[in-house]
Amino acid sequence: MKLKSLALTAALVVSTLGALLAPSLANAQAKEQFFPLLVYRTGPYAPNGTPWANGKQDYIKLVNATGGINGVKITYEECETGYATDKGVECYERLKGRPGVALFDPQATGITFALTDKVPTDKIPLITLGYGLAASQDGGVFKWNFPLMGSYWTAADILIQHIGKAEGGMDKLKGKKIALVYHDSPFGKEPIPLLQERAKQNGFELSLIPVTAPGVEQKSAWLQVRQQRPDFVLLWGWGVMNSTALKEAVATGYPREKMYGVWWAGAEPDVKDVGANAKGYHALALNTSGTQPKVIQDILKQVHDKGQGTGPKDEVGSVLYTRGVIIQMLTVEAVKRAQERFGKGKVMTGEQVRWGMENLALDQKKLDALGFSGVMRPVSTSCQDHMGSTWARVHTWDGAKWGDMSDWYQADDQIIKPMVKSAADKYAGEKKLTRREAADCQS
């Protein structure tokens, strides 16, 4: 019996060690860098999710066509989530063990919330460009989350700044009414704390009007808008919710020039069905659109002209397509940055890619060399700052296309930083986490 017990114990030890070593061994043996691509090409969010996903795939194809990541070929696999959190978690669990896995882009705030507790154990970073948890900008607590280029707190702050400027100064906001028409989900609720803080500081009245997902029925929400008669409406929508909101604004007579959308409510699918009736509607812009940038020209030449494009050619360069290209570029650059430290031309582990994400240094010269001149602002991350940039602009729909781009705005750090630290500390307390030591920043 003792021999049998010892044998069983030994077997359990071997099994446990095998499970612990499997991810690192898989990456050590991998010959290709694997990018799992969570997408939603079906359902009510497909019109917005599809160009985003196509841009990401086409950039991978461009990199492979020009030699890979310092000679390392990229492989990928799409997994359909339908924007549903449970399906997103299923995709993550299915793909996280693939050899050479680099990181995950959940493409949804709800999925991000669900994965945030999982990735520290799995040692796989999350890139959540322009979405996710605003508090995860704080790398001292959120070691594995990277809300690059902005959060919903920076977005809301910039919109309030822009409205204040248009009104002749931030002091002119006092006594104004601002309504937030938002997707009733983690995504839509994220900007509320920032807007409440801004309302307190700037003296405007904030009204919260939730819209049940996916947002095809909004009559009750816009009845509230008509009754409250706010001076401005902020639209925090995604997918079909955005065009529906604009149509309801037309039906209720709310002026579109008084409406301001988040950067996920400022793309072609949001306005094309409304057309001229959406003229004057404003939205945040993290990036430019159009086919002029060199990276877009390279994709057309190296991918689409060779019959290898993921989607229709006339979609290339659209707002969300370009954002997908940016996201994939940042992931590739994170792998390159990791290779500078851990071995050029080698497949990086998720932990090594995390270091690369935390040490991005994309100045204007580097962006120009990559073909992104004029497309976006420089991005530079650190141990404490996992966002790297808090800049955005506002563009306006002229009835046929997006244009009339504003100057760049930067979110107000005096408001954002204390909120981020407070929220991160609260999260750390709830999860019984300790802030990272200085030495951990080099790991």
Side-chain angles (χ1 to χ4, degrees), residues 38 81 83-93 96 103-148 150-157 180 182-200 206 208 210 213 236 262 350-351 354-355 357-358 381-388 390 411 413-441 443:
L38 273 57
T81 70
Y83 196 70
T85 298
D86 58 345
K87 290 183 179 179
V89 173
E90 288 175 11
C91 287
Y92 171 81
E93 293 294 345
K96 71 179 184 181
L103 46 71
F104 275 83
D105 171 17
Q107 280 199 252
T109 296
I111 300 173
T112 301
F113 277 43
L115 297 184
T116 294
D117 289 341
K118 292 176 174 289
V119 291
T121 301
D122 296 326
K123 299 188 183 306
I124 303 173
L126 298 177
I127 176 173
T128 60
L129 186 145
Y131 70 94
L133 292 82
S136 65
Q137 177 181 357
D138 188 338
V141 172
F142 295 90
K143 183 175 179 177
W144 299 90
N145 293 58
F146 293 87
L148 297 179
S151 69
Y152 295 134
W153 289 358
T154 66
D157 186 75
L180 174 69
Y182 66 96
H183 193 276
D184 195 8
S185 68
F187 150 59
K189 295 173 183 176
E190 268 287 296
I192 293 174
L194 184 285
L195 291 171
Q196 289 171 332
E197 180 61 28
R198 270 291 190 182
K200 191 188 307 178
L206 177 65
L208 304 177
W236 232 262
V262 67
E351 198 162 8
R354 190 214 63 78
W355 184 91
M357 293 285 288
E358 191 169 270
T381 56
S382 68
C383 181
Q384 297 303 320
D385 177 18
H386 278 198
M387 189 172 291
T390 63
D413 275 347
Q414 289 188 325
I415 296 174
I416 301 289
K417 281 189 174 181
M419 289 183 62
V420 167
K421 186 177 186 306
S422 176
D425 285 343
K426 181 181 177 183
Y427 180 89
E430 291 171 349
K431 302 293 182 179
K432 296 181 173 53
L433 302 175
T434 56
R435 282 191 167 271
R436 296 165 65 189
E437 299 289 340
D440 189 54
C441 289
S443 62

Return a table of donor-acceptor pairs under 3.5 angstrom between the side chains of residues 183-199 and protein atoms on other chains or two or more places apart.
from   : atom 1 : to     : atom 2 : distance (Å)
His183 : ND1    : Ser185 : OG     : 2.7
His183 : NE2    : Tyr45  : OH     : 2.8
Ser185 : OG     : Phe187 : N      : 3.4
Glu190 : OE1    : Ala134 : N      : 2.9
Glu197 : OE2    : Gln201 : NE2    : 2.9
Arg198 : NE     : Asp157 : OD1    : 2.8
Arg198 : NH1    : Asn202 : OD1    : 3.1
Arg198 : NH2    : Asp157 : OD1    : 2.9

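Summarising the geometry, atom CG belonging to Leu38 is positioned 11.0 Å from atom OH belonging to Tyr92; distances are rounded to the nearest 0.5 Å. For the atom pair CG (Asp105) and CD1 (Ile111), the distance works out to 9.5 Å, reported to the nearest 0.5 Å. A distance of 9.0 Å separates CG in Leu133 from CH2 in Trp153, rounded to the nearest 0.5 Å. Distance check: Gln107 CD to Thr112 OG1 gives 10.0 Å after rounding to the nearest 0.5 Å. Taking CG of Leu148 as the reference point, atom CD1 of Ile127 lies at 4.5 Å (rounded to 0.5 Å). To the nearest 0.5 Å, the span separating CG on Asp138 from CG on Asp385 amounts to 9.5 Å.
Here the shortest heavy-atom pairing between Val420 and Ala135 reads CG1-O, 3.8 Å. When all heavy atoms of His386 and Ser382 are compared, the closest pair comes out as CD2-O, 3.2 Å. Between Thr381 and Gly388, the shortest heavy-atom distance links the atoms CG2-CA, 4.0 Å. Scanning both residues, Ser136 and Asn145, for their nearest heavy atoms gives CB-CB, 3.6 Å.
Contact annotation: the side chain of Thr109 approaches that of Tyr152 to within less than 4.5 Å [non-hydrogen atoms, C-beta and beyond]. Contact annotation: the side chain of Met357 approaches that of Leu103 to within less than 4.5 Å [non-hydrogen atoms, C-beta and beyond]. Counting only heavy atoms from C-beta outward, the side chains of Arg354 and Lys143 approach each other to under 4.5 Å.
Partners of Phe142 according to the ring-ring contact (aromatic ring centres under 6.0 Å, His included) rule, which considers only residues two or more places apart in sequence or in another chain, are Tyr427. By the side-chain hydrogen bond (donor to acceptor under 3.5 Å, both in side chains) test, Lys417 is found to be paired with no residue, residues two or more places apart in sequence or in another chain being considered. Residues passing the salt bridge (Lys or Arg N to Asp or Glu O under 4.0 Å) test with Glu93, sequence neighbours excluded: Lys96, Lys118. In this view, Lys431 and Asp117 satisfy the side-chain hydrogen bond (donor to acceptor under 3.5 Å, both in side chains) rule, not counting sequence neighbours. For Asp425, the side-chain contact (heavy atoms from CB on, under 4.5 Å) partners two or more places apart in sequence, or in a different chain, are Lys421, Arg435.
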Kindly determine whether Trp144 and Glu351 satisfy side chain to side chain contact (heavy atoms under 4.5 Å, CB included), including the steps that lead there.
CA-CA 9 Å; Trp144 299 90; Glu351 198 162 8; 3.8 Å; yes
Determine, step by step, whether Met387 and Thr154 satisfy the side chain to side chain contact (heavy atoms under 4.5 Å, CB included) criterion, reporting the C-alpha distance in whole Å, the side-chain angles of both residues, the deciding distance to 0.1 Å, and the verdict.
CA-CA 10 Å; Met387 189 172 291; Thr154 66; 3.8 Å; yes
